[in-house]
Protein chains: 2
Amino acid sequence: MPSTARTVRAQAPAVKVLPEPEGLPEPLPEPAVGDLRLENVLAALSDPLRLLIVRKLLLESEQFDHTCGWFGLDRPKSSLTHHFKALREAGVTRQRQYGLERRSQVRVTDLNARFPGLLDLVAAWTPPDGT
Amino acid sequence: MPSTARTVRAQAPAVKVLPEPEGLPEPLPEPAVGDLRLENVLAALSDPLRLLIVRKLLLESEQFDHTCGWFGLDRPKSSLTHHFKALREAGVTRQRQYGLERRSQVRVTDLNARFPGLLDLVAAWTPPDGT
DNA sequence: TCCGCTGTACGACTTCGATCGTACAGGATG
DNA sequence: CATCCTGTACGATCGAAGTCGTACAGCGGA
């Protein structure tokens, strides 16, 4: 499946560095920057699994978006969909529909603008044990 | 009720400034600094009422501890006790038993050491409406 | 001493969210 | 076209947490 990621990457040209090269699918419904609420963001980040997801996105590739399979989490797929939706609805991540798959990226700019320092805490976080 | 708050202040001499003048009651059971977990702290802070409590403590008097009546929240007393306990068990606040009342203060030093910047976000937070 | 006031303890109710099983969509491969 | 595989949609279940009513503890004032 990492090979798949590479394949799809080819489909979305490597030109993309975040300046939104116009060819991207529309993001799924998400709160606007001004509508981000600290309590919602904190609630979304209060789950260890979601904390792990966001941290991995931040540390290993904040520049690109990824499918939920990329994370290598051993949970049922339906559980993962649930958590990714929770993150998006809280405004932590942005999701785009690439064909039949849905990729996520952290809304770094928006979050740093509204809650400076918060993502640093997430990046510094360490999982409870060998999750 | 605000008058009551003034009364209680008089009861606890203004000498106390935080350097722990030895005469303080032992804090109620709380997690040690090293045991503070980001996910627990975020969960505790994901509730608007608790966010309001912590913010009020930070902005209006981080030097003193306060009884739950001091906050002027129009909720049943049992609800307030519940939230104060949640904050303490997550490690956000420290509670001491003064006779029959239980006063709270934010663990500013501990939180800044473990999660720098987090309390700034709480202090900058604004309630949803006229709570 | 009796009454009132403030705050905690306990327990019940209810809502929300985490978890997962199953069914379905749709490209990839042969 | 049939099959496989990845990922989403939907719905059920279960446990945790928010909410609150009531009872109780104990100081202060008349």
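None of the values given here were measured: they were computed from a predicted structure. Order of the sequence lines sets the chain letters (A, B, ...), proteins ahead of strands, with each chain counted from 1.
- Not one side-chain nitrogen or oxygen of Thr81(A) sits closer than 4.0 Å to the OP1 or OP2 atom of dG7(D).
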If a protein heavy atom is under 4.0 Å from the base, mark B; if only from the sugar-phosphate, S; if neither, -; do that for nucleotides 17-26 of chain C going 5' to 3'.
-BBBB-----
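- Rounding to whole angstrom units, CH2 of residue Trp70(A) and P of dG7(D) are separated by 13 Å.
- Residues meeting the salt bridge (charged side-chain N to carboxylate O under 4.0 Å, His left out) test with Asp110(A), sequence neighbours left out: Arg94(A), Arg107(A).
- The side-chain contact (heavy atoms from CB on, under 4.5 Å) check on Ala124(B) picks up nothing, with sequence neighbours excluded.
- Considering only heavy atoms from C-beta on, Leu45(B) stays 4.5 Å or farther from Trp125(B) through its side chain.
- Separating the CG atom of Asn40(B) from the P atom of dA16(D) is a distance of 14 Å, rounded to the nearest angstrom.
- Atom CZ in Arg102(B) sits roughly 17 Å away from atom C1' in dC27(D) (whole-Å rounding).
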Test side-chain contact (heavy atoms from CB on, under 4.5 Å) applied to Leu42(B) and Leu121(A), step by step
CA-CA 11 Å; Leu42(B) 295 187; Leu121(A) 298 177; 6.0 Å; no
I would like to know whether Leu80(A) and Phe71(A) meet side-chain contact (heavy atoms from CB on, under 4.5 Å); could you show each step before the answer?
CA-CA 10 Å; Leu80(A) 298 182; Phe71(A) 295 87; over 6 Å; no
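- Between the P atom of dG7(D) and the CD atom of Gln95(A) lies a distance of 13 Å, rounded to the nearest Å.
- Look at NZ on Lys85(B): it is 19 Å from P on dG7(C), rounded to the nearest Å.
- Side chains of Val106(A) and Val122(A) form no contact here, defined as non-hydrogen atoms less than 4.5 Å apart.
- Between the CZ atom of Phe84(A) and the C1' atom of dT8(D) there is a distance of 12 Å, given to the nearest Å.
- Taking atom OH of residue Tyr98(B) and atom C1' of nucleotide dT8(C), one finds them 17 Å apart after rounding to whole Å.
- Here dA9(C) presents its C1' atom at 17 Å from CD of Glu101(B), a figure rounded to the nearest Å.
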